[in-house]
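The structure under discussion appears below in the form of structure tokens.
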Amino acid sequence: TYREALADPNWYSAMLDEYKALMANNTWSLVPRVAGANVVTGKWLFRHKLNPDGSLTRYKARWVVHGCSQQAGVDYGETFSPVIKPATIRTVLSLAVSEDWPIHQVDVKNAFLHGTLTETILAQQPSGFVDPPYPKHVCRLNKSLYGLKQAPRTWFLRFTNFLFTMGFHASKSDPSLFIQNTAGRIAYLLLYVDDIILTANSMALLTSIINSLCCEFSMSDLGPLQHFLGINVTRTADGMFLSQDQYATDILEHAKMVNCNPSNTPIDTKQKPSAQTGKPVLDAIEYRSLAGALQYLTLTRPDISFVIQQICLFMHDPRETHMQLLKRVLRYIKGTAHYGITLTGSSSDRLVAYSDADWAGCPNTRPSTSGYCVFLGDNIVAWSSKRQQTVSRSSAEA
């Protein structure tokens, strides 16, 4: 809690670092409180930053405002901000591995604080750091803060506008992929909020881009890509291996199934789960939480895409049979947590897609399920399993 953090030197030091970063960034100006004005509240959030192996890196404290206390049309308007698509990440990594390009990860410090606001927003002063001469003043925000509804959007616009001045342009198929191609100098930049993957056809170009970004924003070059969005990246002589073994272990710990017996297969192919079979589960929230966590695991696990899609069909009304199916997937993950995908250097840039569908596979409403996978050269870069919206009258139509 906040009071406990004040008494702990490690947490208080983290709070002080955050406050100094806010002040150095000129995040707000103190103004007298105006009667009737909407003042956004806030709180301190604390978390441990961990290494890929689960060991402690540092203590992290962040002052976050309550976006729920904002008023639409008064202190916020547009809020949407895109993030990089998983298929785009795998495609760019596949290209970089095939061309043997350097791949670096860049981390933005306090990314949302760089966003410039156009709306007038008043917020309370951070707890524990209230200005003694003006204890009843409020903060008129000059820059964005974490928790604001428009924070991701303002940061994205601020960052992309700077990339455009550097000669990058956004991809038409994915606006979070930025490409620079000038006189044979090629670079790709992937943006996921404040996490950045950068690759280029020369180390000199990559270093030049990183230096330019560091001059404009508070950033740190984390070196060759090793851990990104919960994905462990292992570079080998033959290519690159992507896995989420630590994330898979975290899911098993959350489900209290770390010591369960592993299963050889994730699903029984002879039976299709029905929507009405069995009694409703006692804790539907737990079912939905585990199903959502497993969805993210499919970023590097195409082998469980179909069964996760089947599990997610029943999130609105999970039954005991569905929970048994979910636990069978967890037992399968127990024995295959180290699984992932390998991207190898490929001389071919041929794009090949495979697709298939069952026919009337749903035992309740009879729609079919489609599945596809896409390969760029020898590397799989995209896959999906999805229920069709209409009922097909033949297998050919499905």
Side-chain angles (χ1 to χ4, degrees), residues 80 82-91 94 171-175 263-281 284-333 336 339 341 348-398:
F80 174 76
V83 293
I84 197 70
K85 301 173 183 176
T88 306
I89 297 175
R90 293 186 289 260
T91 301
S94 176
S171 168
K172 294 182 179 179
S173 59
D174 192 334
S263 172
N264 294 327
T265 57
I267 192 173
D268 183 1
T269 58
K270 297 180 180 180
Q271 295 182 349
K272 290 291 182 70
S274 174
Q276 304 299 327
T277 303
K279 298 179 180 179
V281 297
I285 295 178
E286 179 71 5
Y287 180 93
R288 294 168 187 143
S289 175
L290 290 171
L294 288 170
Q295 274 188 305
Y296 192 72
L297 191 59
T298 60
L299 262 67
T300 59
R301 297 290 299 269
D303 57 322
I304 60 173
S305 290
F306 171 73
V307 64
I308 300 304
Q309 179 263 341
Q310 292 289 303
I311 288 173
C312 292
L313 291 176
F314 312 110
M315 293 178 70
H316 64 289
D317 183 23
R319 303 299 179 100
E320 291 181 353
T321 53
H322 308 147
M323 180 60 80
Q324 293 173 4
L325 173 60
L326 188 148
K327 289 184 176 181
R328 175 166 179 166
V329 176
L330 292 174
R331 290 196 298 271
Y332 173 73
I333 292 173
T336 61
Y339 279 20
I341 59 172
S348 172
D349 59 357
R350 187 184 180 196
L351 198 65
V352 181
Y354 301 90
S355 66
D356 197 4
D358 65 5
W359 178 39
C362 176
N364 300 109
T365 55
R366 311 311 295 177
S368 307
T369 300
S370 297
Y372 72 79
C373 59
V374 182
F375 285 80
L376 178 60
D378 299 328
N379 300 322
I380 185 169
V381 295
W383 55 83
S384 176
S385 179
K386 186 177 181 180
R387 174 170 288 185
Q388 297 180 5
Q389 296 182 353
T390 58
V391 177
S392 302
R393 292 175 292 179
S394 67
S395 59
E397 186 179 346

Open item on the list: Just verifying a value: how many Å separate Leu299 CG and Ser305 OG, rounded to the nearest 0.5 Å?
Closed with: 9.5 Å

- [ ] Indicate the atoms forming the closest heavy-atom contact of Leu376 with Asp349, along with that distance.
- [x] CD1-O, 3.7 Å

Task: Atom of Arg366, atom of Pro363 and distance for their closest heavy-atom approach - done: NH1-CA, 3.3 Å

Open item on the list: Distance check, rounded to the nearest 0.5 Å: Ile267 atom CD1 versus Ile311 atom CD1?
Closed with: 7.5 Å

TODO: To the nearest 0.5 angstrom, please state how far the CG atom of Asp356 sits from the OG1 atom of Thr369.
DONE: 11.0 Å

- [ ] Kindly compute the distance separating CG (Leu297) from CD1 (Ile333), expressed to the nearest 0.5 Å.
- [x] 5.0 Å

Task: Considering all heavy atoms, the nearest Thr88-Ile84 contact - done: CG2-CD1, 3.7 Å

Open item on the list: Is it the case that the side chain of Tyr287 and the backbone of Asp317 share a donor-acceptor pair, with hydrogens and angles ignored and the cut-off at 3.5 Å?
Closed with: no

TODO: Indicate yes or no for a side-chain donor-acceptor contact from Arg319 to the backbone of Thr277 under 3.5 Å, with no hydrogens or angles considered.
DONE: no

- [ ] Identify the two heavy atoms, one from Ile341 and one from Pro302, that lie closest to each other, and give their separation to 0.1 Å.
- [x] CG2-CD, 3.8 Å

Task: Approximate separation, where rounding is to 0.5 Å, of Leu313 CG and Gln310 CD - done: 5.5 Å

- [ ] Please report the closest heavy-atom contact between Ser94 and Val381, naming both atoms and the distance.
- [x] CB-CG1, 4.2 Å

Task: Heavy-atom closest pair, residues Arg301 and Trp383 - done: N-CZ2, 4.1 Å

Task: Distance in Å, Met315 CE paired with Leu290 CG, rounded so as to fall on 0.5 Å steps - done: 10.0 Å

Open item on the list: Testing the 3.5 Å rule here: is there a donor-acceptor pair between the side chains of Arg387 and Gln309?
Closed with: no

Open item on the list: Which residues pass the side chain to side chain contact (heavy atoms under 4.5 Å, CB included) test with Ser368, not counting sequence neighbours?
Closed with: Asp358, Trp359, Gln388, Ser392, Ala398

Task: Side-chain (Arg328) to main-chain (Thr265) donor-acceptor, under 3.5 angstrom - done: yes

- [ ] Could you list the residues that satisfy side chain to side chain contact (heavy atoms under 4.5 Å, CB included) with Arg393, not counting sequence neighbours?
- [x] Glu397

Task: Non-hydrogen side-chain atoms of Leu294 and Leu330 separated by less than 4.5 Å - done: yes

TODO: Give me the ring orientation class for Tyr332 and Tyr339: parallel if the planes are under 30° apart, tilted from 30 to 60°, perpendicular past 60°.
DONE: perpendicular

